[in-house]
Amino acid sequence: QVQLVESGGGLVQAGGSLRLSCTASGRTFGDYGMAWFRQAPGKERDIVATISRDGGYMYYVDSVKGRFTISRDNVKNTVHLQMNNLKSEDTAVYFCAKSTTSWGSTSPGSYAAWGQGTQVTVSS
């Protein structure tokens, strides 16, 4: 069974940066798309970014385009989310997830494995 472990969250001032990391167990990491979702208090879990299995295709929700970058290393079984120019509305628990598809979907229902989440708090 795949296990995903996130790290890198924390408290940062608006305009600052954080880099989230997710390390996956198992031998099939490179076969599937990966994604980062986030969930703010009282809200649904929403897509932030996806990346295809080979890193050739990436998707970003409009609110993070130009500020966030998703990347992956299939040798180290890791996926990262570089977050720059953070805003207070980025405050949420961030989850990494492993897709059931090779390209990565924007639907939470297409993800079979989830990390425990890491808190990102942006102070204004």
Legend entry - Residues forming a side-chain hydrogen bond (donor to acceptor under 3.5 Å, both in side chains) with Ser52, sequence neighbours excluded: Asp54
Legend entry - Criterion side chain to side chain contact (heavy atoms under 4.5 Å, CB included) on Val120 and Leu20, from CA distance to verdict: CA-CA 9 Å; Val120 171; Leu20 304 184; 4.0 Å; yes
Inset, instruction - With sequence neighbours excluded, tell me which residues meet side-chain hydrogen bond (donor to acceptor under 3.5 Å, both in side chains) with Ser123. - result: none
Legend entry - Partners passing side-chain contact (heavy atoms from CB on, under 4.5 Å) against Ala40 (at least two apart in sequence or in another chain): Lys43, Ala92
Inset, instruction - Provide the full list of disulfide (SG to SG under 2.5 Å) pairs with a residue in residues 16-99, sequence neighbours left out, each pair given once. - result: Cys22-Cys96
Inset, instruction - State whether the side chain of Glu6 and the backbone N or O of Gln116 hold a donor-acceptor pair below 3.5 Å, judged by distance alone. - result: yes
Mind listing the side-chain donor-acceptor pairs of residues 26-35 below 3.5 Å, one per line with the distance, residues two or more places apart or on another chain?
unit_1, atom_1, unit_2, atom_2, d
Thr28, OG1, Lys98, NZ, 2.7

Inset, instruction - Would you indicate whether the side-chain heavy atoms of Val48 and Leu81 approach each other to under 4.5 Å? - result: yes
Inset, instruction - Only counting residues at least two apart or in another chain, list the ones meeting side-chain contact (heavy atoms from CB on, under 4.5 Å) with Thr100. - result: Ser110, Ala112
Legend entry - Pairs touching residues 58-84 that satisfy salt bridge (charged side-chain N to carboxylate O under 4.0 Å, His left out), sequence neighbours left out: Asp62-Lys65, Arg67-Asp90
Legend entry - Residues that Ser99 engages under side-chain hydrogen bond (donor to acceptor under 3.5 Å, both in side chains), provided they are two or more places apart: Thr101
Legend entry - Partners meeting side-chain contact (heavy atoms from CB on, under 4.5 Å) with Asn84 (sequence neighbours left out): Ser17, Gln82
Inset, instruction - List in chain and number order the residues that pass side-chain contact (heavy atoms from CB on, under 4.5 Å) with Gln3, two or more places apart in sequence or in another chain; answer none if no residue qualifies. - result: Ser25
Legend entry - Rounded distance [0.5 Å steps], OG in Ser107 versus CD1 in Ile47: 9.0 Å
Inset, instruction - State the NZ-OG distance between Lys87 and Ser124, to the nearest 0.5 angstrom. - result: 13.0 Å
Legend entry - Heavy-atom check, side chain of Ile70 versus side chain of Thr50, under 4.5 Å: no
Inset, instruction - Indicate yes or no: at least one non-hydrogen side-chain atom of Ile51 is less than 4.5 angstrom from one of Val79. - result: yes
Inset, instruction - Could you list all the ring pair (Phe, Tyr, Trp, His ring centres under 6.0 Å) pairs where at least one residue sits in residues 69-100, not counting sequence neighbours? - result: none
Inset, instruction - Kindly indicate whether the side chain of Leu18, heavy atoms from C-beta on, has any atom under 4.5 Å from the side chain of Leu86. - result: yes
Inset, instruction - Using the ring pair (Phe, Tyr, Trp, His ring centres under 6.0 Å) rule, collect all pairs that involve residues 35-77, keeping only residues at least two apart or in two chains. - result: Phe37-Tyr111, Phe37-Trp114
Inset, instruction - List the atom of Thr91, the atom of Val122, and the distance in Å for their closest heavy-atom pair. - result: OG1-N, 2.9 Å
Inset, instruction - Nearest 0.5 Å please: distance from the CD atom of Glu44 over to the CZ atom of Arg38. - result: 14.0 Å
